[in-house]
Protein chains: 2
Amino acid sequence: MTQPNKYESVRDQVLDRIAHLEVGDALPPERSLADELGVARMTLRRALEELAREGVLDRHQGRGTFLAQPKISQQLEMTSFSEDMRRRGLVPGSRTLSMQTASAGASLGQRLELSPRASVVRVRRLRTADGEPMAIETLHVPAELVPDLSATDLDGASFYDLLVERYELSIATGHQVIEPTVLNAEEAEHLQAPEHSPAFLFERTSRSSEGRLIEFVRSVYRGDRYRLEVELHPPRRSAAIPSGGRRDERP
Amino acid sequence: MTQPNKYESVRDQVLDRIAHLEVGDALPPERSLADELGVARMTLRRALEELAREGVLDRHQGRGTFLAQPKISQQLEMTSFSEDMRRRGLVPGSRTLSMQTASAGASLGQRLELSPRASVVRVRRLRTADGEPMAIETLHVPAELVPDLSATDLDGASFYDLLVERYELSIATGHQVIEPTVLNAEEAEHLQAPEHSPAFLFERTSRSSEGRLIEFVRSVYRGDRYRLEVELHPPRRSAAIPSGGRRDERP
DNA sequence: AAGTGGTCTAGACCACGGC
DNA sequence: CCGTGGTCTAGACCACTTT
């Protein structure tokens, strides 16, 4: 039991416990399952809530809890390109276009919360899916975080895996801005798509669990091969800006 | 007390209770606040968790709970255009471009889970923010759900509010596909933006809590005025597809 | 050491679905 | 009616931050 919180380990125990079930099968009732796992029902429920939120389980009051159909649109999570492609049933690949180390400069320094004189590694990669060009990714990382990083390290590999395995850095949270754009001539050439054709522009900054800024990534994705799908959640009532205004009042 | 769940009313009471606070101010400790509101601490915590998830509060173990800076990036929730614009600090508006009722036809019938012969209301609206064109929205609703809907009903109003107030329909969940696109000549004219300039294409289907399909909406947003911001959450460990694979095992 | 939020417990009752 | 998940309670202890 290396997890600090019991409900996390309970979550994993539940996953083991239901590994042999088919989609649509019912789980044991909460009371029995809690008993079986030796935890309070509230603790089990916390684990089940997380699994339901992740889309693994469907819960219905009065009926029971069931193994859900695996979801495809678990999008906009903090996944790497590689993981994202695998979820879409494609084989991810990578070809490094350029790599250099230089001082951050004003604007990049600000984004990475570094001194403008700090050294930053900039890697430009063509990302492929099933061998076809999918995106151009420009990665910026503080040089001190990734000593001895070489271009071949990144060929065909997941940067996030490399961070964990070699530099013991793991990314915990991120902030991403998404805009529509069109391909310029150079991007179009790399991506083997028409110039001016629609594309996504993603700008992501990622932090470690300690809050340290680890990367700034700018990615351009072909609009004809890549799209986002999201499940929209229940409208959070008035919420959000509690500025004196009236809350919703029911008659 | 018209809310069925106590934690919902507690949530609203907390919002009232903190309405006069400035950003960064501390809330009373959970124990006192629970006492004051006459509920168990667990119930109060459920309300506080929701408010923290919505971005209204920041909570820090050992320090306290604080009124958060209003967030801009609460994106990709199931909000209406009107609500979305308000959150961005803009004044939403609407001008109905066209409205007609016709039979669904094959493809639209499929999307709306209707017979191809079923009657569907199609409304095209120009959506504005601070008076400037922001998006073109094409809404499709089964006609039987919205008897006597007229074009003026929708001028300047939120369709979702109208659904609730007049038709007693409320939207619970949705599925949205997001693609980059470019404006065609007609869209460009309505949106007062250059032809071929980047734009977002959203296609959304929404359901009531009973699972009934209520609407299919196709929206084109100006890429120079609208962008998405998302907070990326921790990578859900192996999860999601519980197909016999090993869960993460720590030594 | 004191005070905060975070977790966990054991049990009660409620709301809903199916028999 | 019974069994299910959903809510709520009162209290305990833990982990973290500040004094």
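Reminder, nothing fancy here: chain letters follow the sequence lines and each chain counts from 1.
- The side-chain hydrogen bond (donor to acceptor under 3.5 Å, both in side chains) check on Glu49(A) picks up nothing, with sequence neighbours excluded.
- Side-chain atoms of Pro29(B) lie closest to dT4(C) of the nucleotides dT9(C), dT4(C), dG6(D).
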Pair Arg59(A), Glu30(A) - check salt bridge (Lys or Arg N to Asp or Glu O under 4.0 Å), show working.
CA-CA 11 Å; Arg59(A) 312 169 82 197; Glu30(A) 294 182 352; 2.7 Å; yes

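- Ranked by how close their nearest DNA chain C nucleotide is to the 5' end, Arg41(A) and Gly62(A) are led by Arg41(A).
- Set against dC8(C), dG5(D), dT4(C), the side chain of Tyr7(A) has dC8(C) as its closest nucleotide.
- For the pair Arg31(B) CZ and dA12(D) P, the computed distance is 12 Å after rounding to whole Å.
- When each of dA10(C), dG6(D), dG6(C) is scored by its nearest atom to the side-chain atoms of Arg59(B), the top-ranked nucleotide is dG6(C).
- The distance between atom CG of Leu51(A) and atom C1' of dG5(D), rounded to the nearest whole Å, is 15 Å.
- One atom, CD of Glu8(A), and another, P of dA15(D), lie 14 Å apart when rounded to the nearest Å.
- Across the protein-nucleic acid pair, Arg45(A) atom CZ and dC13(C) atom C1' stand 13 Å apart, rounded to whole Å.
- A donor-acceptor pair under 3.5 Å is absent between the side-chain atoms of Arg111(B) and the main chain of Phe216(B), judged by distance alone.
- Within the 4.5 Å cutoff, the side chain of Leu15(B) has heavy atoms near those of the Val56(B) side chain.
- For Met42(A), whose side chain is taken as the heavy atoms from C-beta onward, the closest listed nucleotide among dG5(C), dG5(D), dT9(D) is dT9(D).
- At a cut-off of 3.5 angstrom, counting only N and O atoms as typed in the model, there is no donor on one side facing an acceptor on the other between the side-chain of Arg46(A) and the base of dG6(C).
- Spacing between atom CD of Glu49(B) and atom P of dC8(D) amounts to 13 Å, rounded to whole angstrom units.
- Residues Leu149(A) and Leu154(A) are in side-chain contact: their nearest non-hydrogen atoms beyond the backbone lie under 4.5 Å apart.
- Which of dA10(D), dT7(D), dG6(C) sits closest to the side chain of Glu30(B) comes down to dG6(C).
- For the pair Lys6(B) NZ and dA12(C) P, the computed distance is 18 Å after rounding to whole Å.
- Straight-line distance from the NE2 atom of His60(A) to the C1' atom of dG3(D): 16 Å, rounded to whole Å.
- Taking only side-chain atoms of Gln61(B), from C-beta outward, the nucleotide of dG5(D), dC16(D), dT9(D) with the closest atom is dC16(D).
- Between Leu27(A) atom CG and dG3(D) atom P the separation is 19 Å, expressed in whole Å.
- Residue-to-nucleotide contacts include no donor-acceptor pair under 3.5 Å from the side chain of Arg63(A) to the base of dG5(D).
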